Structure formats: C-alpha cells, structure tokens
Amino acid sequence: MNWEVVIGLEVHLQLATESKIFSGAATRFGAEPNTQACAVDLAMPGMLPVLNEQAVRYAVMFGLGIGAEIGLRSVFDRKNYFYPDLPKGYQISQFQEPIVGRGHFDIQLEDGSVRRIGITRAHLEEDAGKSLHEDFHDQTGIDLNRAGTPLLEIVSEPDLRSAEEAVAYLKTLHSLVTSLGISDGNMAEGSMRCDINLSLRPAGSETLGTRAEIKNVNSFRFVEKAIHHEVERQADILESGGKVVQETRLYDADRDETRSMRSKEVANDYRYFPEPDLLPVVIEQSWVDSIRASLPELPAARRERFIADYGLGAYDATVLAAERPLAEFYEAVAKGCGDAKIAANWVQVELLGQLNRNDLQLSESPVHAPALAVLLQRILDGSISGKIGKQVFEAMWAGEGDADSIIEARGLRQVSDSSALRAMVAEVIRDNPEQVQQYLAADEGRRKKLSGFFVGQIMKLSRGQANPQMVSNLLNEQLADAGKNGDT
Amino acid sequence: MLTVVKVMTVHQDDIEKLAELARVRIPAEEAAEVTARIATILGLVDQLQSVDTAAVEPMANPLDAVQRLRADAVTEANQREAFQAIAPAVENGLYLVPKVIE
C-alpha cells in the first residue's frame with residue numbers, strides 16, 4: 001500500500017523575556033534550582049498573575065511575521081491537570097481566543113521547491129517546572145525555575161508530508177523567530193520543543209487517518225528519526241489489518257523508538273475555563289501598527305534582497321539569509337571586498353566549514369568580517385591566487401595576523417612579473433621534452449588536458465605563487481613556439 | 001419559571017473518572033450519594049443549557065475592565081531559603097515529592 005504521511009507540528013517556543021510571563025522572577029537558563037521561582041511561580045495562596053507586556057509584544061511580532069490576524073482581544077484560560085512540576089494544578093494558557101490567528105509561511109526543500117505551510121494559531125502560555133526522577137530514592141526532585149517562563153505555542157495545519165518537510169518547517173521557523181529576536185531558539189536548552197502529530201492515509205484519500213502524538217522532541221535530527229520510526233510503526237499496524245490508536249507517545253532517542261505513555265500520564269481532559277485571575281487582554285491596533293513598523297528584516301525578504309541585489313542563486317541566498325548574524329557577516333564581507341559572489345563562496349565554504357569542523361558558533365569565529373574582506377580583496381586584485389588565499393585564511397584562523405602581514409611574512413605574493421614567469425615556463429618546457437612532444441602531437445581537445453600538466457609543474461616551481469592567467473598565456477605562447485621550432 | 005430539575009443519567013464510573021481527574025477519593029459507601037447529588041447539579045446545568053444564548057457574547061470576566069500589562073523587569077529576588085524552610089522535603093535545592101513515574 002502506498003501511504004501518504006500527514007504531519008502537523010506544535011512548537012513550544014520560549015520567549016526571550018527577562019522576567020516570567022506572570023511574575024517578576026528571572027528566566028535565565030541554568031540558574032541554581034529554585035532560585036528563580038517566586039511566590040507566584042510556587043502558587044502560594046493569594047498570589048495573582050500580572051501579564052508581561054514584552055511577552056504580548058513578542059507574540060504580536062510573531063503573528064505579524066507570519067501574516068496572521070492579531071487577536072486584539074484575547075483571553076487566558078485554565079488548563080487543568082495535576083503534576084508536581086505544575087504547582088497551581090493548572091496551566092494558564094489560551095484556548096478559545098488566542099492572540100495569534102491563522103497565518104502561514106513558506107518552506108524551501110532541498111530540490112529548491114517551495115511549499116506554503118499554514119499556521120492554525122499561536123497562543124501564549126506559561127511553561128511548567130522540571131521533574132528530576134533520577135538520584136532521589138523513591139522521590140522526584142522538582143525545580144520550578146522554568147515554571148512561568150513565557151511560551152508561545154505555535155500550531156501548524158496538517159500540511160507537512162514528510163520528515164524532510166517537517167525539518168524544513170522547523171528550520172524556517174527557527175530562522176524566523178531568531179531573526180525577530182523573540183527567542184534564542186536554543187533547542188539544546190529547551191527553548192524550542194516540538195510535538196509531532198502524525199497519521200497515515202492511503203495515497204489519494206481526502207480523509208485523515210487516526211493520528212498519534214509524539215511529545216517533546218527536541219532536536220531537528222530527533223524529529224526526523226521520530227517521524228521515520230512512527231511512519232513505519234503505523235504502516236505496519238495498518239498493513240496487518242490493525243487500527244492506529246489515538247494516543248500520546250514519547251520518542252526515546254537512546255533506543256530510537258516511540259513508545260506509548262501510560263494512560264495515567266495522559267488524562268486528556270483539561271476542563272478549560274476562563275482564568276478568573278486575569279482580565280481579557282485588549283490591545284490597540286495602533287500598538288500593533290507601531291510594532292509592525294519596527295519589525296526587523298525577515299529571512300524571506302532578506303533572501304529575495306540577496307538574490308536581487310547580489311545576484312546570488314536561490315540556494316546560496318537561502319543559506320546566507322536564514323540567520324541574522326550570518327547574513328550581517330556576509331553583507332559586511334561582500335561590501336568590504338566589493339564582490340558579492342566570491343564573498344558568498346568564501347563565507348559558505350571556508351568560514352562555515354571551519355566553524356563546523358571546530359564546532360564553533362559564528363560569534364566565536366577568530367576571523368571577523370572586515371579581515372576576511374581584506375583577504376578577498378587580495379585575491380581580487382591579483383596579489384594572491386585563490387589557492388594561496390586558502391592558506392592565508394588558515395593562517396588567519398590560527399591567529400597569525402591579518403591577510404597582508406601573513407602574505408608579507410610568508411612571501412606569498414603572486415608572481416606577476418612576466419620575465420620571471422617566462423623563465424619558469426621555459427624551464428618546465430625544457431625539462432619535459434616527452435610531454436612537449438605528446439602535446440604537439442595531440443589534437444585540440446587533448447591539448448587542453450595536457451597543458452594542465454605544464455601549469456601544474458609551473459605552479460609547483462613557483463610554490464603556487466605564479467599568476468595563473470599569465471602562466472596560461474605564456475605557456476600557450478611558448479608551446480606554440482616549440483611547435484614551430486620542431487617543424488623547422 | 002421552570003422548577004422541575006431533570007435528573008441526568010450519571011453512572012458511577014463517570015463519578016470515578018471525575019474523582020480521578022480531581023484527585024479526590026470518594027469512599028465506596030458515599031459513591032451512590034455523590035452520584036445522585038452530581039446528577040442533580042448536572043440537571044441544573046442541563047436546564048441552563050436549554051436557554052438560547054446564540055446572540056450572547058461569551059463572558060470571560062464579569063468586570064468591565066481589561067488586563068493591565070507590566071513592564072518586563074526582574075523584580076523578584078531569590079528567596080529559596082525562606083520558601084524551602086516550609087517545604088516538607090528538600091534536597092540540593094530541589095523540592096522532593098513522592099515519585100511520579102515508575
């Protein structure tokens with residue numbers, strides 16, 4: 001049977017506020033347990049929530065970023081369930097009147113095709129604390145530092161059709177929220193957590209199959225693996241005549257499998273009702289308009305600008321425009337060296353390559369944008385070849401100084417002195433009579449190939465510093481002469 | 001005007017489920033009485049639901065006011081010691097509770 005995979009994602013995004021959504025406690029990651037949990041977060045009797053303006057602003061920014069309708073009036077509700085890391089016994093969330101309504105954004109797949117993915121809604125809510133089940137004999141340790149951290153829950157339409165699309169969706173979303181500056185997007189620290197709703201249906205069918213929900217998948221790679229695993233599991237069930245049970249499953253990264261959560265842990269009966277401790281949130285259209293006016297450039301617009309202004313291809317533009325820091329780095333290099341294409345190439349291949357190999361963030365790069373721009377200028381003005389440029393880049397990476405001082409200190413300046421080059425060409429021709437004969441006997445097509453041998457020898461003789469264009473011209477001249485002399 | 005409260009059909013397992021969701025224990029000898037009383041309450045709800053509210057906007061709060069927003073600033077200092085002094089069990093800064101998973 002040919003199955004169509006139908007996926008919708010729910011992303012819990014921690015918003016980058018200083019303080020919590022309903023209290024003045026700090027939200028910094030990694031603090032000592034329970035040092036950022038105040039009386040409101042602990043649900044002490046009589047404590048009342050007061051909504052953080054910045055959390056509302058960030059939600060509005062997200063809504064504007066996906067072209068959604070902004071709920072000028074939104075309402076908080078109580079979602080009731082019992083768990084020790086939720087001291088109130090309910091989570092304050094938004095149910096019927098969320099702050100962000102229907103919107104969408106486009107994802108680009110590896111083959112270059114673009115798909116528009118619908119966003120059903122996004123709403124504000126508070127995060128829960130953390131339960132630590134290990135290390136305590138028959139007890140669970142509770143850290144409430146995270147309790148009350150503002151979350152934006154972003155719910156997609158069931159528009160995704162594969163693991164690849166799901167990952168592309170998450171990467172695009174990540175790039176959007178970090179460009180907006182509303183979240184640090186740090187998945188390892190739980191700033192962006194993903195629930196996967198997945199069902200199968202026979203290809204061509206219009207009705208949705210029964211779905212399973214996979215909770216709390218916290219990296220792009222795990223999302224991909226969890227989806228592959230779950231598709232296989234459901235296909236096995238359906239093909240052997242069984243029925244998929246609507247349930248919540250957990251992805252176990254260690255075993256690479258999903259398993260059912262016990263029904264007790266699920267109890268999907270949240271008995272929502274309006275939160276009596278908070279009044280309806282009413283925001284002015286003029287405030288929304290002023291937020292719209294101050295939005296930073298978003299990745300999709302930046303990508304289009306890179307294509308239009310710098311002549312980049314779609315792929316290069318997508319990579320370079322995705323994250324603001326990299327985009328700014330690239331633009332500084334492109335403007336600094338004056339050649340957008342060579343800048344695109346060097347930033348992607350050499351810079352990102354080194355960062356990946358050394359597992360570094362862009363902000364930790366030992367080579368800054370202006371320094372890279374100077375290096376590229378030296379290649380563009382013919383002082384060094386591209387190949388020598390890579391050596392210089394490595395030396396810069398190792399902290400040996402700027403491009404000019406490395407070129408000087410190592411004597412790497414390209415030889416463009418025609419008499420010196422002419423002598424080298426002559427020497428190589430003299431030392432390789434056999435290859436010269438082969439060359440002269442060859443037809444036009446083969447000659448091109450064979451001339452590569454001579455160029456290689458000359459470059460070797462010059463320790464890579466010969467100007468390749470001049471070498472090529474001089475070589476053609478002298479080989480032609482050799483041919484004439486041989487004829488006579 | 002309506003004075004007759006219709007008694008809803010509520011089964012004992014409905015009550016057991018409610019008790020579990022609310023984390024309350026209902027002793028077996030009280031189950032029948034609780035079931036009957038909740039049936040009466042649900043009957044009243046049923047009666048309320050028979051009112052046509054199509055033209056009524058749902059009310060989120062009875063006060064004619066809107067939520068005030070606070071500036072995003074950290075105003076709470078760490079008071080862990082004070083809070084944990086009244087907790088039944090703490091260790092390494094964590095609150096300890098009976099184990100919640102097996």
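Residue numbering restarts at 1 for every chain, and letters A, B, ... go by the order of the sequence lines. Keep in mind that what you see is a predicted model, and the values were worked out from it rather than measured.
- Contact of A/Leu42 with chain B is made through the side chain alone, with heavy-atom distances under 4.5 Å.
- The candidate with the highest count of non-hydrogen atom pairs below 4.5 Å against chain B, out of A/Arg271, A/Lys130, A/Glu53, A/Gln139, is A/Gln139.
- B/Asp72 and A/Ser19 form a side-chain donor-acceptor contact under 3.5 Å, judged by distance and modelled atom types alone.
- For the set B/Gln67, B/Lys17, B/Glu76, the count of heavy-atom pairs under 4.5 angstrom toward chain A peaks at B/Gln67.
- B/Arg37 places no side-chain N or O within 3.5 Å of a backbone atom of B/Val34 that could act as its donor or acceptor partner.
- No part of A/Gln36 comes within reach of chain B, as not one of its non-hydrogen atoms sits under 4.5 angstrom from that chain.
- For chain B, the nearby part of A/Pro84 is the side chain; its heavy atoms alone come within less than 4.5 Å.
- When atom types are taken as modelled, the side chain of A/Asn34 and the backbone of B/Gly93 share a donor-acceptor pair closer than 3.5 angstrom.
- A/Ile21 touches chain B through its backbone: at least one of N, CA, C or O sits under 4.5 Å from a heavy atom, while the side chain does not.
- Neither the backbone nor the side chain of B/Glu81 comes within contact range of chain A; no heavy atom of the residue lies under 4.5 Å from a heavy atom of that chain.
- The part of A/Lys20 that comes within reach of chain B is its backbone (N, CA, C, O), which places non-hydrogen atoms under 4.5 angstrom from that chain.
- Heavy atoms of A/Val56 lying under 4.5 Å from chain B belong exclusively to its side chain.
- Under the 3.5 Å distance criterion, with hydrogens and angles disregarded, a donor-acceptor pair is assigned to the side chains of A/Asp127 and A/Gln14.
- Of the possible polar contacts, none joining the A/Arg193 side chain to the A/Asn218 backbone as a donor-acceptor pair under 3.5 Å is found.
- A donor atom on one side chain and an acceptor atom on the other are not found under 3.5 Å apart for A/Thr258 and A/Asp252.
- Contacts with chain B were tallied for A/Gly129, A/Cys38, A/Pro276, A/Ala31; A/Cys38 has the most, counting heavy-atom pairs under 4.5 Å.
- For A/Arg57, no part sits under 4.5 Å from any heavy atom of chain B, backbone or side chain.
- Contacts with chain A were tallied for B/Val66, B/Leu63, B/Asn92, B/Thr75; B/Val66 has the most, counting heavy-atom pairs under 4.5 Å.
- Of the residues considered (A/Ala39, A/Ala55, A/Ser131), A/Ala39 shows the highest number of contacts with chain B, using heavy-atom pairs under 4.5 Å.
- Side-chain atoms of A/Gln94 come within 3.5 Å of backbone atoms of A/Ile99 as a donor-acceptor pair (strictly under, hydrogens ignored).
- By number of non-hydrogen pairs under 4.5 angstrom with chain B, the leading residue of A/Asp138, A/Thr27, A/Val40, A/Val282 is A/Asp138.
- A/Tyr58 does not touch chain B: none of its heavy atoms, backbone or side chain, sits under 4.5 Å away.
- Contacts of B/Ala60 with chain A are made by both backbone and side-chain atoms, with heavy-atom separations under 4.5 Å.
- For chain A, no part of B/Leu18 is nearby; none of its heavy atoms comes within less than 4.5 Å.
- The closest donor-acceptor contact from the side chain of B/Arg70 to the backbone of A/Ser23 lies under 3.5 Å.
- For A/Val75, the part lying under 4.5 angstrom from a heavy atom of chain B is the side chain only.
- Using a distance-only test at 3.5 Å, with no hydrogens or angles considered, a donor-acceptor pair links the side chain of A/Arg121 to the main chain of A/Phe95.
- Remark: the backbone N or O of A/Phe29 is not paired with any side-chain donor or acceptor of A/Asn145 at under 3.5 angstrom.
- Between the side chain of A/Gln91 and the main chain of A/Glu126, a donor-acceptor pair closer than 3.5 Å is present.
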